[in-house]
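Worksheet: one structure, shown below.
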Amino acid sequence: MAKHELVVIGAGPGGYVAAIRAAQLGFDVACVEKEPALGGTCLRIGCIPSKALLESSELYHEARHSFGAHGVKVGGVELDLATLLARKDRIVDGLTKGVAGLFKKNRVTRYQGHARFVSPTELAIESSRGVETVQADHVIVATGSVSASLAGVELDGDRIGTSTEALSWPAVPRSLVVIGAGAIGLELGSVWARLGAEVTVLEYLERILPGMDSELAREAQKIFEKQGLRFRLGARVQSAKRVGDECVVEIAGAEPLHAERVLLAAGRRPNTTGLGLESLGLELDAKGRIPVDEHYRTKLPSVSAIGDVISGPMLAHKAEEEGVACVEFLKTGFGHVHYDAIPSIVYTAPEVASVGKTEEELVAAGVPFKKGSFPFLANGRAKALGQTEGRVKILVHERTDRILGVHVLGARAGELIAEAAVAIEFGASGEDLARTCHAHPTLSEIVKEAALATQGRAIHI
Ligand code: NAD
């Protein structure tokens, strides 16, 4: 029977990064993945393919609607959906093969198959070739998450689907109903709206983008509405069914909606199916997550868990950080993730990004704070780009000036937020950021000006 010091179950960003870091630290490490391609949801059917589609659809949209303002005349702009989808598939293929290359380089042993615990230190790996048993001193569960189902929504893998299907629809639907105004609903809703679909987003709450700064979320909603997305807030979906050639979506207290396709994007749930956790006596919490302590240890000394299967935001980079901290703890007794410095980005146009606390969270916790904000409209580079919507908002502690949260709605917000994450990680004050020289002309000057604004001394407004 094969034996390793460490076996990681799942080769998503949490699992494969944990395995590589473990190899760097000198562990004899293996990674079990049930799919033929490595990379998990993020690389295969999540972050990466959706970003490829977002990029291509934005170029198509810009060629039709924005190039003219730059004096660039383009006639006969046509969509070649097959090429667009094939490009996305090539990107995914290259990156997943890249992870396989990294495993080889770092001598991470790879098992393909579905892992199930036989005991706290023994796994049965089932594949088309049969069942193989592997022993491990320690096991890290990094099996990620899957789309959550919704009562009454009849997923048929075709007209009524999840993000997985919506990454590969072979034709642009005339009409699309998106259930859920979180990251997935807004990103994929934007893709298909840009490509020509009439998109209606149904959201149960009275706001979009739960968890993000509510003021910026309201501003974002107005911008998305101008782009053609329709929103129905406070809409509780009761059912979605295929009736003949169309889909019918029933909403509590309102007329049903009819659409060619439905995308269910109402959250994800931890993926622990078939792991055999119950046989180990490992109980899940009320949300189906694996309970762990601050060092990612379950109540069994030989089993840890990281990423979407434990509590916290379901984000690839959060899982990566946990994977590193988990194996560093196993090796050295130290390993830490600073959860207030984990950025979150929604890749719409413009992007929405945030790190640290929101105003709502600070108010609820009774933390006294000051805020400063600065609009893209007053920034030279944003004007040159022709992307002047949105702003940066910075929250600092009223007495200590420590940066508590940074929220960005605007072009390239996803890149701008990195500076804010570094500032929070280093415990910077608003003044530190305001006194740091930012190159001109760049969008990063908006961050500096927002920091100056927390002190009531922004220059360009
Ligand atoms: P989400 O939880 O972010 O949003 C789901 C939305 O659906 C919520 O606003 C919720 O109120 C709404 N909803 C739930 N039930 C509903 C109902 N019956 N009717 C109408 N609306 C309903 O989930 P998501 O967008 O599916 O994303 C899942 C996870 O994946 C999240 O943790 C998200 O952060 C992560 N993700 C992140 C990114 C990114 O970072 N760019 C991209 C995709 C997914």
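For ligands, and for the atoms within them, numbers begin at 1 and follow the listed sequence. This structure is a prediction, so every number in the text was calculated from the model and none was measured.
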Using a plain distance cutoff, I'd like to know if [X] has any nitrogen or oxygen under 3.5 Å from a nitrogen or oxygen of ligand 1.
| X | answer |
| --- | --- |
| Ala183 | yes |
| Glu187 | yes |
| Glu203 | yes |
| Tyr204 | yes |
| Ile179 | no |
| Leu315 | no |

Task: Proximity to ligand 1 by part of Val237, non-hydrogen separation under 4.0 Å - done: both

Open item on the list: Please work out, at 4.0 Å between heavy atoms, whether the side chain, the backbone, both, or neither of Leu209 comes within that distance of ligand 1.
Closed with: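 Within the 4.0 Å criterion, Leu209 makes no contact with ligand 1.
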
Task: Any donor-acceptor N or O pair under 3.5 Å, side chains Glu250, Ser239 - done: yes

- [ ] Say whether, by atom type as modelled, one donor and one acceptor occur between the side chain of Arg207 and the main chain of Leu209 under 3.5 angstrom.
- [x]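 The answer is yes, because a donor-acceptor pair under 3.5 Å joins these two groups.
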
Open item on the list: Using modelled atom types and a 3.5 Å cut-off, is there a donor and acceptor pairing between side-chain atoms of Gln227 and backbone atoms of Ala349?
Closed with: yes

- [ ] Please work out which of the three classes, parallel, tilted or perpendicular, describes the rings of Phe103 and Tyr16, given edges at 30° and 60°.
- [x] perpendicular

TODO: Take every heavy atom of Pro313, measure it against each atom of ligand 1, and state whether any distance is under 4.0 Å.
DONE: no

Task: ligand 1 contact by Pro210, heavy-atom criterion under 4.0 angstrom - done: yes

Open item on the list: Between His397 and Phe369, is the ring centroid distance below 6.0 Å?
Closed with: no

